[in-house]
Amino acid sequence: MDSCPSPARRAGPPRTRTLTGVTDAVRVRDLRKTYQGSPAVDGVDLDIADGEVFALLGPNGAGKTTTVEILEGFRRRDSGEVSVLGEDPQRAGRRWRYGIGLVLQNASDMADMTVAETVRHFARFYPDPRPAEEVMDLVGLTGKAGRKVRTLSGGQRRRVDVAIGVVGRPRLLFLDEPTTGFDPEARRQFWSLITTLSEQDGTTILLTTHYLDEVEALANRVAVLAAGRIRAVGTPRDLGGRDTAEATVGWIEDGEHRSTRTHKPTVVVSELAGRIGDEIPGLVVTRPSLEDVYLDLIGSVR
Amino acid sequence: MTTLTLRDPSVWDLCTARAGVELRQFFRERTAMIFTFALPVVLLTLLGSIFDKQAAVPGIPSSQLLAAGMIAGGIGSTCFVNLATSIVSDREDGTLKRLRGVPMPPIAYFAGKVVLVLVTAVAEVVLVLAVGSAFFDLPLPRDPARWATFTWIFLLGVTGCALLGTAMSSVPRSVRGAAPIVNLPFLVLQFVSGIFIVPITNLPEPLQQIGALFPLKWMAQGFRSVFLPDAAAATEPAGAWEHGRIAMVLAAWCLGGLILCLTTFRWQGRKDG
Ligand SMILES: Nc1ncnc2c1ncn2[C@@H]1O[C@H](COP(=O)(O)OP(=O)(O)OP(=O)(O)O)[C@@H](O)[C@H]1O
Ligand SMILES: [Mg+2]
């Protein structure tokens, strides 16, 4: 049996490097998938760099799960090019899976096993797994190690899925709506887990979500998917031209709320300061929120 | 600097890992487990109380034919019904999808099922034999040749039933649908195979002929040949144990079942495409 020397304690196939030293963990060109004549994924292009946290945002039925499951090797595409960790998921073998971690959307398996048994079981499939205790600690399930998975709450059950996803030290982690059903505290814990994986281990992460705050907290880049097409890609800060969009300046003058839209808020504010005096009552300067941009982007296709 | 060499987990290790999970899940799901094991035993006790009073051939009560045949029924229940439902449930609860998403050689999943099927079938046989010999004086043979016969019939029967159960698992759409879809044909099959009515020659001719197409009748006949005195062969339709024919029919079903499995097995449910 083959063995691969791995000074960095990382499993998986060797990284293919381009001349500049930058590799794409995921590269998709013109991906298409049709169900019963209606396109679920309709010409998607994606590039996710090694080490990036990438969010796929979109309404119900946008094609997020379909796209992600094609990348994971579960569904066959109708056409297009897909490369995940340098291989075509439709053809890749068992070794390729060493580098991939999955958190699927609805799973209720291992119901009669305990949390610890479940994590240990899945650790056995990998050449260099994380210790089970470390993983349970990472996802906040240490106190539940001896509990049957069946008896866990929805959010706790989801953490088991995350534990299975990260136990093999994946280079690339797919998460399909990982925080659905989490309480606010669990969500924060999950965010810090993702940050840890990304910063300490350099794990590339592709997650789908409906939560805009999650995107702002986690993602280096985000793509908005609607009706099977990418509507915009960018950092959460500049998505859809958000950073350069018209700002709204609001203030109170003569006991009345006033506002104006402008590309030069600084000019407006200094002019106001000159007119009103040094403290402008009720001053606010806002740019479109991520939510505004998002609703705008998906609104145009509804 | 020391170089760390990482080995692929061995296929054998993964097979045993899967077997461990299968067994623990089965024995922890109490109600299903009790139902699987109890059904043949309950049927044997109830029907046995009727057939106890009838003699198949002089000196051999029909209840002994029943007990020997019920071993085949028990194998059908653990290997066919139980395996088919467990695979349907694996498909529905995401087990199969999860396993396809981790670096598992597919053989490990099936190895786990094989171990589950063997362990439950052996337990079932022991249970039926215990009840049969305790309440119905089923004689346990001392002749090693008879145990050799038992072994090959058991192995061929378990293999055939398990392959057919695996193939059957592709039919139901959900676990809820699986119970009737798998149990009803099995109930009818047991009836026409002479598991409930002994001797089998009491069944109408056409039913006997239908039963003879399937492996269950031949397994039951084989087990009767192991546990009953040779005089009881007179109660079989052919008036003989027909070992050669039993082996041929069971082997043919193993082959057919294997082909069915290879052509119909699905890792995914109908809704994931
Ligand atoms: N197996 C399937 N068979 C038929 N249609 C499908 C199948 N899977 C997905 N679709 C359709 O493809 C479209 C995209 O579905 P998909 O599950 O990818 O959306 P999603 O973005 O993940 O939605 P959600 O946010 O609700 O999870 C939907 O219109 C859906 O009905
Ligand atoms: Mg989805």
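Every heavy atom of this structure was used, including side-chain atoms; hydrogens, water molecules and symmetry mates were not. Here is the naming used below: chain letters follow the sequence lines, and residue numbers restart at 1 for every chain.
Shown here for A/Phe74 and B/Gly101, the closest heavy-atom pair between the two residues is CZ-CA, 3.8 Å. Looking at every heavy atom in both residues, A/His121 comes nearest to B/Ala17 through CE1-O, 3.6 Å. A/Phe125 and B/Pro103 get closest at one heavy-atom pair: O-CG, 3.6 Å. Taking both residues in full, the closest heavy atoms of B/Gln25 and A/Ala111 are given as OE1-N, 3.9 Å, listed atom of the first, atom of the second, then distance.
For A/Asp109 and B/Lys97, the salt-bridge test fails: no basic side-chain N is under 4.0 Å from an acidic carboxylate O. Salt-bridge check for A/Arg94 with B/Asp8: failed, with every basic side-chain N at 4.0 Å or more from each acidic carboxylate O.
In B/Phe265, the CZ atom is crowded: over 12 heavy atoms of neighbouring residues, nucleotides or ligands sit closer than 6.0 Å. The number of heavy-atom neighbours closer than 6.0 Å to CZ of B/Phe110, taken from other residues, nucleotides and ligands shown, is above 12. Around CZ of B/Arg176, the count of heavy atoms belonging to other residues, nucleotides or ligands within 6.0 Å does not exceed 12. No more than 12 heavy-atom neighbours from other residues, nucleotides or ligands sit within 6.0 angstrom of CD1 on B/Ile107.
Of residues 26-48 of chain B, those residues lying under 4.5 Å from chain A by any heavy-atom pair are B/Arg28, B/Glu29.
The side-chain heavy atoms of A/Met113 and B/Val21, taken from C-beta on, include a pair separated by under 4.5 Å. Looking only at side-chain heavy atoms (C-beta outward), B/Arg98 and A/Asp161 come within less than 4.5 Å of each other.
Interface remark: of the candidates A/Thr65, A/Leu102, A/Thr66, A/Ile164, A/Ile164 forms the most heavy-atom pairs closer than 4.5 Å to chain B. Contacts with chain B were tallied for A/Thr118, A/Asn106, A/Leu104; A/Leu104 has the most, counting heavy-atom pairs under 4.5 Å.
For a residue to count as touching a neighbouring chain, one of its non-hydrogen atoms must lie under 4.5 Å from one of that chain's; by this rule B/Leu99 touches chain A with the side chain only. Contacts of A/Phe174 with chain B are absent, with no heavy-atom separation under 4.5 Å from either backbone or side chain.
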